[in-house]
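What follows is one structure encoded as structure tokens, with my remarks underneath.
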Amino acid sequence: MLQQQLRGTGVALVTPFTTQGAIDWNSLERLIDHVISGGVNYVVTLGTTGETPTLSSDEKLDLIKFTFEKVAKRVPVVVGIGDYSTQDVVSRLEKCPLDEAAAVLSVAPYYSKPTQEGIFQHYKAIAAASPKPIILYNVPARTGRNMTADTTLRIAREVENVIAMKEASGDMLQCMQIIRDKPEGFLVISGDDGVAMPQLACGMDGVISVAANYFAKDFSGMVTASLKGDFETARNLHYKMLEGFDLMFAENNPAGIKAFLHYNGIVENVFRLPVVPVTDGLYEKIAIYLKGY
């Protein structure tokens with residue numbers, strides 16, 4: 001059952017770049033092996049953490065194909081396809097190679113700040129066009145518009161082919177309302193690493209994580225323990241990583257997580273504008289933290 005496969009830890013993969021600015025395929029393969037060996041349950045390609053807005057259409061297609069090839073069905077792969085234009089999302093759903101995808105993660109429309117009815121109609125249209133199940137993604141800090149609990153629940157109840165929600169509003173009450181009232185089988189997934197453990201305690205089904213790019217083993221262990229109700233183990237792992245979460249998101253995502261991965265020799269500390277590396281002062285704090293981790 002797909003919902004069971006998508007419980008637990010998903011990781012929103014970064015897109016490594018070479019010092020010349022091209023996609024670093026060797027580093028991406030190394031990262032994929034790192035997170036899978038660390039115990040994540042599935043991977044997400046073309047999320048915001050992957051600097052997707054800076055990638056060309058051809059690069060996005062290449063990343064999807066490469067991820068399928070290197071994951072080699074060891075874990076499910078979720079593909080991020082979202083935009084502020086409903087028609088553009090529908091078009092990309094038709095063109096992207098999604099045969100091997102488990103699901104599509106689609107962020108709520110950004111920039112245009114649609115009404116709640118507009119958000120509902122957007123997801124209704126893309127769900128009808130998608131060859132794969134849709135995971136809603138609410139991240140108002142990036143989109144400029146919150147998808148309310150009522151809208152999420154309306155989509156979950158009325159729109160076929162929508163199976164889950166990645167909730168990154170930071171509003172615990174809203175999250176609990178969705179968990180309480182969701183239809184049976186609809187997954188609620190955390191998109192906030194720093195509060196994922198208490199959200200799992202409230203009844204969420206897993207996390208799509210940035211931090212799991214680096215903390216693959218410990219983060220997956222925290223999520224697994226939480227889902228089993230072993231909150232003593234989960235709390236210990238949560239507090240072990242807590243300072244790391246603060247440092248990772250202090251300036252920018254994905255600048256923070258790439259600094260962590262660069263320190264560990266997994267990727268280069270290279271970005272495409274307008275994203276730039278973390279400041280030297282923050283990188284030094286990260287290095288000191290990781291030396292003692």
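All residue numbers in this chain count up from 1 along the given sequence.
- In this structure the side chain of H122 reaches within 4.5 angstrom of the side chain of I126, judged on heavy atoms.
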Stepwise side-chain contact (heavy atoms from CB on, under 4.5 Å) check, T15 with L63: CA-CA 9 Å; T15 301; L63 274 166; 4.0 Å; yes
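- Annotation: side chain of I163 is not in contact with side chain of F186 (no heavy-atom distance under 4.5 Å).
- When atom types are taken as modelled, the side chain of T224 and the backbone of S220 share a donor-acceptor pair closer than 3.5 angstrom.
- Put simply, V162 and I189 are part of two different groups of oily side chains (I, L, V, M, F, W, Y) that touch within less than 4.5 Å, one to the next.
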From CA spacing to verdict: side-chain contact (heavy atoms from CB on, under 4.5 Å), E29, D33: CA-CA 6 Å; E29 181 176 5; D33 288 341; 4.1 Å; yes
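- The neighbour count for E160 CD, taken as heavy atoms of other residues, nucleotides or ligands under 6.0 Å away, does not exceed 12.
- The minimum heavy-atom distance linking N146 with I119 is given by the pair O-CD1, 4.2 Å.
- Other residues, nucleotides and ligands contribute at most 12 non-hydrogen atoms within 6.0 Å of the CD atom of E284.
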Stepwise side chain to side chain donor-acceptor pair (under 3.5 Å) test for Q116 and T151: CA-CA 6 Å; Q116 296 302 306; T151 298; 2.6 Å; yes
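- A single hydrophobic cluster is seen to contain both V270 and Y263, as judged by linkage of ILVMFWY side chains at heavy-atom distances under 4.5 Å, directly or through other members.
- In this structure, the side chain of T45 does not engage the main chain of V79 through any donor-acceptor pair within 3.5 Å.
- Without hydrogens or angle criteria, N138 side chain to S169 main chain gives no donor-acceptor distance under 3.5 Å.
- Contact of the D24 side chain with the T18 side chain is registered, since non-hydrogen atoms from C-beta on lie closer than 4.5 Å.
- Side chain of E251 to backbone of T279: a donor-acceptor contact under 3.5 angstrom is found.
- The closest donor-acceptor contact from the side chain of H34 to the backbone of N213 lies under 3.5 Å.
- Residues forming a salt bridge (charged side-chain N to carboxylate O under 4.0 Å, His left out) with E59 (at least two apart in sequence, or on another chain): R272.
- Under the 4.5 Å side-chain heavy-atom criterion for grouping Ile, Leu, Val, Met, Phe, Trp and Tyr, V77 is connected to V35 within one hydrophobic cluster.
- Between F245 and F219, the ring planes lie perpendicular to each other; the angle is over 60°, past the 30° to 60° tilted range.
- Partner of L6 under the side chain to side chain contact (heavy atoms under 4.5 Å, CB included) criterion, chosen from I208, N41, V78, D205: V78.
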side-chain contact (heavy atoms from CB on, under 4.5 Å) between E51 and K258, worked out: CA-CA 11 Å; E51 296 176 71; K258 274 195 175 178; 2.7 Å; yes
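- A donor-acceptor pair is defined here as one N or O able to donate and one able to accept, closer than 3.5 Å; such a pair exists between the side chain of D193 and the backbone of V210.
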Y289 and Y293: CA distance, side-chain angles, deciding distance, ring-ring contact (aromatic ring centres under 6.0 Å, His included) verdict: CA-CA 6 Å; Y289 167 76; Y293 185 76; 5.7 Å; yes
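- With hydrogens and angles disregarded, no donor-acceptor distance shorter than 3.5 Å links the side chain of N264 to the backbone of Y214.
- Residues A149 and Q177 approach most closely at CB-OE1, 3.7 Å, considering heavy atoms.
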Verdict with reasoning, I179 to M204, per side-chain contact (heavy atoms from CB on, under 4.5 Å): CA-CA 7 Å; I179 294 165; M204 284 199 178; 3.6 Å; yes
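- Judged purely by atom type and a 3.5 angstrom limit, S130 has no side-chain atom pairing as donor or acceptor with the backbone of P133.
- Follow the hydrophobic side-chain contacts under 4.5 Å out from L290 and you reach L242 in the same cluster.
- Both V71 and F68 are part of a single hydrophobic cluster, where members link through side-chain heavy atoms under 4.5 Å apart.
- Side-chain contact, R30 with S27: a donor N or O sits under 3.5 Å from an acceptor N or O.
- The aromatic rings of Y110 and Y84 stand perpendicular to each other, their planes meeting at an angle above 60°, with 30° marking the opposite boundary.
- When each of N252, V267, V14, L13 is checked for a side chain to side chain contact (heavy atoms under 4.5 Å, CB included) with I257, only V14 meets the rule.
- The backbone N or O of G47 sits less than 3.5 Å from a side-chain atom of T52, completing a donor-acceptor pair.
- Of the possible donor and acceptor atoms, none in the side chain of K124 sits under 3.5 Å from a partner among the backbone N and O of I155.
- Checking I32, V43, L28, L31 one by one against K70, the side chain to side chain contact (heavy atoms under 4.5 Å, CB included) holds for a single residue, I32.
- Between F215 and M222, the closest side-chain pair of non-hydrogen atoms is not below 4.5 Å.
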